[in-house]
Amino acid sequence: MLIVFAAGNTKAQTLKEEERICGKWESTDKELDIKVYMHDNEFRAEIIWFSDTDGKPLDYWKDIHNPDPALRDRKILGMSVLSGLKYDTDTHTWEDGMVYDSRHGREWNASATIDKKGMLHVRGYWHFKFIGRTMNFVRI
C-alpha cells in the first residue's frame with residue numbers, strides 16, 4: 001500500500017499548476033457533471049452528465065435553444081460548454097474563456113479559480129466580471 005501511495009504522490013507532484021483544473025467535476029447543486037481537459041493549449045470542458053431529463057435518456061436532449069439553427073440538433077451530452085481558458089501564472093486563475101449556456105442558447109465570457117479547499121468556481125459574465133454568475137464544482 002505504501003508503494004501505491006508513493007506512486008500517487010509522485011504523480012501529484014509532477015502535475016503542472018495549470019493542469020489542476022483537469023478532471024471530472026460535479027456541480028454543488030448535483031445537477032451537472034463536466035470533464036475539464038486541455039486541447040490545443042487551452043482548457044475546455046464538456047458535459048458528461050446532467051439531471052434535467054424529465055425521465056428521458058440523456059442522449060435524447062439536444063441544443064434546441066442555440067441561435068445557430070445548424071447546431072440545434074447536436075446532443076447536450078458530450079457537448080463542449082467551456083473553451084478558450086488560459087492559465088494566468090500571476091493570478092493562478094484561468095482566464096479569457098467562453099462558457100455556453102445550453103438552457104438559453106447564450107455564450108458568455110468565462111474565468112475559473114480553484115480555492116484552497118479544492119472547489120472549482122467557474123464564472124460566466126458579460127464583459128465585466130461583476131455582471132455574471134458563478135457555478136461551483138467539487139472534484140469527483
Side-chain angles (χ1 to χ4, degrees):
M1 183 135 132
L2 182 59
I3 295 170
V4 171
F5 174 74
N9 194 21
T10 303
K11 183 178 179 184
Q13 289 174 349
T14 60
L15 189 66
K16 294 179 184 177
E17 175 72 16
E18 67 264 19
E19 293 175 351
R20 291 183 308 131
I21 197 171
C22 294
K24 294 179 181 177
W25 299 87
E26 178 181 44
S27 63
T28 54
D29 63 8
K30 302 194 181 295
E31 292 188 0
L32 177 68
D33 291 356
I34 60 172
K35 179 175 74 173
V36 179
Y37 58 96
M38 181 180 260
H39 180 76
D40 290 339
N41 294 319
E42 69 179 47
F43 293 93
R44 298 180 179 187
E46 66 183 35
I47 295 175
I48 58 173
W49 180 86
F50 57 96
S51 69
D52 189 18
T53 63
D54 292 332
K56 296 181 176 120
L58 290 177
D59 65 353
Y60 167 85
W61 298 97
K62 307 236 173 150
D63 190 15
I64 61 172
H65 300 292
N66 196 302
D68 181 349
L71 296 177
R72 291 182 187 154
D73 200 35
R74 69 181 176 167
K75 293 181 180 185
I76 300 291
L77 187 63
M79 182 173 63
S80 179
V81 290
L82 185 64
S83 63
L85 282 177
K86 304 277 187 191
Y87 187 69
D88 184 325
T89 56
D90 294 332
T91 62
H92 305 287
T93 61
W94 293 263
E95 303 291 340
D96 301 324
M98 298 299 289
V99 63
Y100 178 70
D101 173 8
S102 64
R103 288 186 178 171
H104 302 100
R106 301 274 322 255
E107 193 170 47
W108 306 92
N109 299 91
S111 65
T113 60
I114 297 177
D115 67 20
K116 291 180 182 182
K117 294 180 182 177
M119 186 175 288
L120 172 64
H121 307 279
V122 178
R123 180 124 181 111
Y125 58 94
W126 186 68
H127 298 292
F128 304 100
K129 286 186 181 178
F130 65 88
I131 303 174
R133 177 175 163 241
T134 300
M135 288 190 71
N136 303 304
F137 295 86
V138 293
R139 192 177 292 278
I140 53 175

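Quick note: numbers below take in every heavy atom, side chains included, and nothing from hydrogens, waters or symmetry partners. Sequence positions, counted from 1, serve as the residue numbers for this chain. Remember, it's a predicted structure, so these values are computed and weren't measured experimentally.
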Where do [X] and [Y] come nearest, in terms of heavy atoms and distance?
X: Ala110; Y: Leu82; result: CB-CD1, 3.8 Å
X: Ile47; Y: Val81; result: CD1-CG1, 3.6 Å
X: Ala45; Y: Ile34; result: CB-CD1, 4.2 Å
X: Asp88; Y: Glu95; result: CB-CG, 4.3 Å
X: Leu85; Y: Ala112; result: CD1-CB, 4.2 Å
X: Pro67; Y: Gly105; result: CD-O, 3.1 Å

Within this structure, what is the [atom1]-[atom2] distance for the pair [X] and [Y], rounded to the nearest 0.5 Å?
X: Ile140; Y: Trp49; atom1: CD1; atom2: CH2; value: 9.5 Å
X: Arg106; Y: Asp101; atom1: CZ; atom2: CG; value: 8.5 Å
X: His92; Y: Ile114; atom1: NE2; atom2: CD1; value: 12.0 Å
X: Arg139; Y: Ile21; atom1: CZ; atom2: CD1; value: 9.0 Å
X: Asn41; Y: His39; atom1: CG; atom2: NE2; value: 10.0 Å
X: Leu71; Y: His65; atom1: CG; atom2: NE2; value: 14.5 Å

Name the residue from Thr113, Thr93, Thr134 that meets the side chain to side chain donor-acceptor pair (under 3.5 Å) definition with Arg123.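 For Arg123, the side chain to side chain donor-acceptor pair (under 3.5 Å) test succeeds with only one of Thr113, Thr93, Thr134, which is Thr134.
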Polar side chain donor-acceptor pair, Ser83 to Arg44, under 3.5 angstrom: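 Result is no, nothing qualifies.
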Determine, using the 4.5 Å side-chain heavy-atom cutoff (strictly less than), whether Val36 and Leu77 are members of one ILVMFWY cluster.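 Shared cluster, yes.
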Shared ILVMFWY cluster between Trp108 and Leu120, side chains joined below 4.5 angstrom?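 Yes, because Trp108 and Leu120 connect within a single hydrophobic cluster, where side-chain heavy atoms sit under 4.5 Å apart.
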Output every pair passing ring-ring contact (aromatic ring centres under 6.0 Å, His included) with a member in residues 118-140, not counting sequence neighbours, ordered by first then second residue.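 Output for this query lists Phe128-Phe130.
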side-chain hydrogen bond (donor to acceptor under 3.5 Å, both in side chains) involving Asn66 - partner list, sequence neighbours excluded: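 side-chain hydrogen bond (donor to acceptor under 3.5 Å, both in side chains) list for Asn66, sorted by chain: Asp63, Tyr100.
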side-chain hydrogen bond (donor to acceptor under 3.5 Å, both in side chains) with Glu107: which residues, sequence neighbours excluded?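 Glu107 satisfies side-chain hydrogen bond (donor to acceptor under 3.5 Å, both in side chains) with no residue once adjacent residues are dropped.
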Measure the shortest side-chain to side-chain distance between Phe50 and Leu58 over non-hydrogen atoms and say whether it is less than 4.5 angstrom.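 Heavy-atom side-chain distance check passes, below 4.5 Å.
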Are the side chains of Glu42 and Lys86 in touch, meaning some heavy atoms are under 4.5 Å apart?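 Yes, their side chains come closer than 4.5 Å.
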Starting from Val138, walk the hydrophobic network (Ile, Leu, Val, Met, Phe, Trp, Tyr; side-chain heavy atoms closer than 4.5 Å) and list everyone else you reach, by chain and number.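 Other cluster members: Met119.
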Applying ring pair (Phe, Tyr, Trp, His ring centres under 6.0 Å), can you list everything that pairs with Tyr87, at least two apart in sequence or on another chain?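 In terms of ring pair (Phe, Tyr, Trp, His ring centres under 6.0 Å), with neighbours along the sequence ignored, Tyr87 is linked to Trp94.
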Check side chain to side chain contact (heavy atoms under 4.5 Å, CB included) between Glu46 and all other residues, then give those that pass, not counting sequence neighbours.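 If we apply the side chain to side chain contact (heavy atoms under 4.5 Å, CB included) test to Glu46, skipping adjacent residues, the hits are Lys35, Tyr37, Ile48.
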